[in-house]
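One structure below.
Residue numbers count from 1 along this sequence.
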Amino acid sequence: MKERMYIMKTTSLEEVQRIFKVQKAKYSPSNPPSYEERMDRLKRADKLIRDHWPEFIQTLQEDFGSRDSDQIFGADILSPLFHGKHVRDHLAQWMKPERKSSGLLGLVGQKTYILNEPLGVIGIVTPFNAPVSLAFDPAIEALAAGNSVMIKVTESTPRTADFMQKLVAKYFKEEEMAVVTGEADVSACFAALPWDKMVFTGGSEIGKKILAAAAPNLTPVVLELGGKCPAVVLPDADIRAAAPRISLGRTGNAGQVCLAVDYALVPETKLEALIQQIVEVDQQAFPTMINNPKVSSIINQAGYNRIVGYIEEAKAAGCRIIQVNPANEKLPDPETRKIPLTIVVNPGENLQVSKYEIFGPVLSIYSYKHLDEAIAFINKHEKPLGLYVFGKDKNDIRKVVSSTSSGGVTVNDITLHAGTNTMGFGGVGYSGMGRYKGGILGYKAFCNEKAVYEQGLMGRFTASFLVPFATDRPRSMMRRMVGIKSQPR
């Protein structure tokens with residue numbers, strides 16, 4: 001199965017700029033969308049996905065060449081439908097002014113509150129691994145907040161990009177939401193527009209370019225960048241419970257998931273048991289690979305070559321390599337771009353498998369003697385998007401969680417911290433900045449939280465605190481407020 005040629009429709013640079021100007025012209029702080037208008041847009045987004053999810057699965061399977069339909073549904077369809085319902089259920093409450101305490105001054109008429117107003121026009125750039133959900137999840141919150149949205153779908157999934165562009169044009173006016181497609185020149189043009197906010201999901205190195213393009217316009221950017229997500233297996237961990245999550249979490253979508261376990265840290269005494277269990281789980285899940293539709297292909301030849309190159313480098317360096325291949329097929333296979341789960345044991349830190357996010361079915365496993373070694377190993381590297389801890393000892397769990405930094409943590413499972421509707425999803429440092437998809441936190445990510453102070457009866461006296469003071473009384477009062485004794489002028 002070679003990469004099949006498909007000519008994606010490319011949005012011209014002029015058209016990208018025209019749509020942006022249309023959305024900008026439509027936005028006015030004096031006329032934000034009403035609750036009814038926002039709900040209508042959210043319901044249309046839900047209907048778009050709900051009515052066409054089988055076609056989305058088909059286009060993504062064609063773009064990848066081979067991909068499990070259940071994997072696609074879980075990664076691309078479930079989230080925006082589930083997340084969208086939560087947003088619709090709570091939107092009326094979120095749109096209300098947030099009252100803030102004025103203390104005793106509230107008794108004399110002072111009011112303080114937050115108005116969450118729309119930012120304006122939001123730009124969203126999607127990656128290939130979940131282009132539907134990673135377009136619509138932030139778009140749902142942006143629409144709920146009263147913004148218009150433009151989406152640039154990755155050129156790595158051209159059929160899905162074209163289909164999404166067609167559907168969004170059918171369900172939405174272009175001043176509400178629009179999709180543009182194209183190669184790197186369109187992406188560069190898109191990133192350089194003066195957005196009111198931009199969301200980018202992808203690799204850290206491209207994230208740097210996005211920030212550079214946004215800087216001249218002071219565009220605020222949410223970056224979700226992935227990274228090397230570790231799993232810490234504690235000495236008392238149940239290996240039979242941890243192994244399936246680590247194994248299938250690494251091989252899901254052939255490891256092309258930003259939150260997938262990139263490497264595991266395990267006590268020396270449990271190293272062989274963990275390897276054995278991971279191998280058994282993978283053999284049972286994928287008894288064959290090349291003609292197995294449950295096994296995802298690497299998205300393109302360049303990605304395939306990069307991952308195979310990492311494996312070959314580790315082999316040449318003398319690393320212990322375990323490739324799970326129960327049917328003894330000729331793998332990796334360049335024709336189908338399928339790579340078996342490949343375990344690399346204790347690779348040197350100079351190797352690419354240790355330095356870079358794999359984004360493929362390669363799992364590095366490092367053994368440690370003491371937990372402090374595992375924590376130090378994590379902290380020596382860039383902060384990951386997700387961190388996973390397996391074990392029972394609450395003190396050890398707390399130690400790992402509190403002694404490391406990551407975008408989020410899941411204990412005794414994987415990725416679940418990113419699936420809630422209350423905590424927000426995002427990275428830290430090299431794995432990203434900002435949060436969305438977190439209930440009211442995600443809604444506020446696309447709002448200006450405008451502080452409003454309404455003066456009460458105290459307004460009779462506050463003018464006396466304007467400089468220059470007419471008497472010594474305001475000066476003395478201000479100094480006493482912070483514990484400074486009054487001194488001569």
Side-chain angles (χ1 to χ4, degrees), residues 1-8 53-77 126-134 153-164 183 201-203 226 247-262 281-312 321 323-344 352-353 356-363:
M1 177 200 66
K2 295 181 179 179
E3 293 182 62
R4 288 175 284 180
M5 288 297 295
Y6 178 87
I7 306 301
M8 179 177 58
W53 66 266
E55 294 101 308
F56 274 124
I57 288 179
Q58 181 180 345
T59 62
L60 281 166
Q61 286 178 325
E62 291 173 354
D63 280 331
F64 273 79
S66 177
R67 193 177 178 195
D68 187 348
S69 60
D70 293 332
Q71 177 79 40
I72 297 173
F73 190 91
D76 270 294
I77 308 302
T126 75
F128 71 82
N129 58 324
V132 180
S133 66
L134 292 173
V153 184
T154 174
E155 61 272 23
S156 295
T157 54
R159 299 164 184 82
T160 304
D162 283 345
F163 185 58
M164 194 184 303
E183 302 286 341
T201 305
S247 177
L248 299 179
R250 177 75 275 189
T251 55
N253 199 29
Q256 298 165 109
V257 179
C258 59
L259 280 164
V261 177
D262 197 283
V281 167
D282 193 72
Q283 286 177 331
Q284 184 175 1
F286 306 109
T288 63
M289 288 198 64
I290 291 179
N291 295 315
N292 187 345
K294 298 291 184 182
V295 179
S296 292
S297 298
I298 302 302
I299 186 64
N300 53 37
Q301 200 64 44
Y304 172 88
N305 292 341
R306 176 183 57 80
I307 297 165
V308 171
Y310 288 2
I311 297 170
E312 293 303 318
I321 306 287
Q323 288 193 320
V324 186
N325 184 8
N328 292 316
E329 298 169 276
K330 191 174 181 181
L331 295 167
D333 178 45
E335 186 75 11
T336 59
R337 303 189 307 280
K338 292 185 177 182
I339 300 173
L341 174 61
T342 302
I343 300 170
V344 185
Q352 294 178 96
V353 290
Y356 303 121
E357 182 181 9
I358 306 299
F359 230 62
V362 178
L363 175 69

Where Ile72 and Gln61 come nearest, the two heavy atoms and their spacing: CD1-CG, 3.6 Å

Interatomic distance, OG1@Thr154 vs CD@Glu183, rounded to 0.5 Å, equals 9.0 Å

For the side chain of Thr201 and the backbone of Pro127, is there at least one donor-acceptor N/O pair under 3.5 Å apart? no

Thinking salt bridges, do Asp63 and Arg159 make one under a 4.0 Å N-O criterion? yes

Calculate, to the nearest 0.5 Å, the distance between atoms CG and CD belonging to Leu341 and Gln283 respectively. 10.0 Å

Any chance you could lay out the side chain to side chain contact (heavy atoms under 4.5 Å, CB included) test for Asn325 and Met289, step after step, and finish with the verdict? CA-CA 8 Å; Asn325 184 8; Met289 288 198 64; 5.8 Å; no

Arg337 versus Asn300, side-chain donor and acceptor atoms under 3.5 Å: no

Heavy-atom side-chain contact between Thr342 and Pro361 under 4.5 Å: no

Of all heavy-atom pairs between Pro287 and Ala327, which one has the smallest distance, and what is that distance? O-CB, 3.5 Å

Once rounded to the nearest 0.5 Å, what's the spacing between atom CD of Glu55 and atom CG of Leu60? 12.0 Å

Straight-line distance of Lys338 NZ to Thr288 OG1, nearest 0.5 Å: 8.0 Å

Flag side-chain contact, heavy atom, 4.5 Å: Gln284 against Pro326: no

Around atom CG of Asn291, are there more than 12 heavy atoms of other residues, nucleotides or ligands at under 6.0 Å? no

Using a 4.5 Å cut-off on heavy atoms from C-beta on, say whether the side chain of Asn129 contacts that of Leu134. yes

Going from OG1 on Thr160 to CE on Met8, what distance comes out if it is rounded to the nearest 0.5 angstrom? 11.0 Å

Using atom types as modelled and distance alone, determine if a side-chain donor or acceptor of Glu357 lies under 3.5 Å from a backbone N or O of Asp262. no

With a 4.5 Å limit on heavy-atom distance, are the side chains of Phe64 and Asn253 in contact? yes

Tightest non-hydrogen contact, residues Val153 and Met164, listed as CG2-SD, 3.7 Å

Any heavy-atom pair between the side chains of Val362 and Tyr310 that's under 4.5 Å? no

Audit row: Arg67, Ile57, side chain to side chain contact (heavy atoms under 4.5 Å, CB included) steps and yes/no: CA-CA 9 Å; Arg67 193 177 178 195; Ile57 288 179; over 6 Å; no

Does Phe73 have more than 12 heavy atoms from other residues, nucleotides or ligands lying within 6.0 Å of its CZ? yes

Between the main-chain N or O of Phe128 and the side-chain N or O of Thr157, is there a donor-acceptor pair closer than 3.5 Å? no

Working to the nearest 0.5 Å, report the span between CZ of Phe56 and OG of Ser69. 16.0 Å

Only one of Leu363, Leu248, Thr251 passes side-chain contact (heavy atoms from CB on, under 4.5 Å) with Val261; say which it is. Leu363

Looking at every heavy atom in both Ala260 and Gly249, which two are closest together, and how far apart are they? CB-O, 3.3 Å

Side-chain (Arg250) to main-chain (Gly360) donor-acceptor, under 3.5 angstrom: yes

Minimum heavy-atom distance between Ile290 and Glu329, given as atom pair plus value: N-OE2, 3.0 Å

Is a donor on one side and an acceptor on the other found under 3.5 Å between the side chain of Ser133 and the backbone of Ala75? yes

With heavy-atom distances below 4.5 Å as the criterion, would you say the side chains of Pro340 and Pro332 are in contact? yes

Any side-chain heavy-atom pair from Ile311 and Ile339 closer than 4.5 angstrom? yes

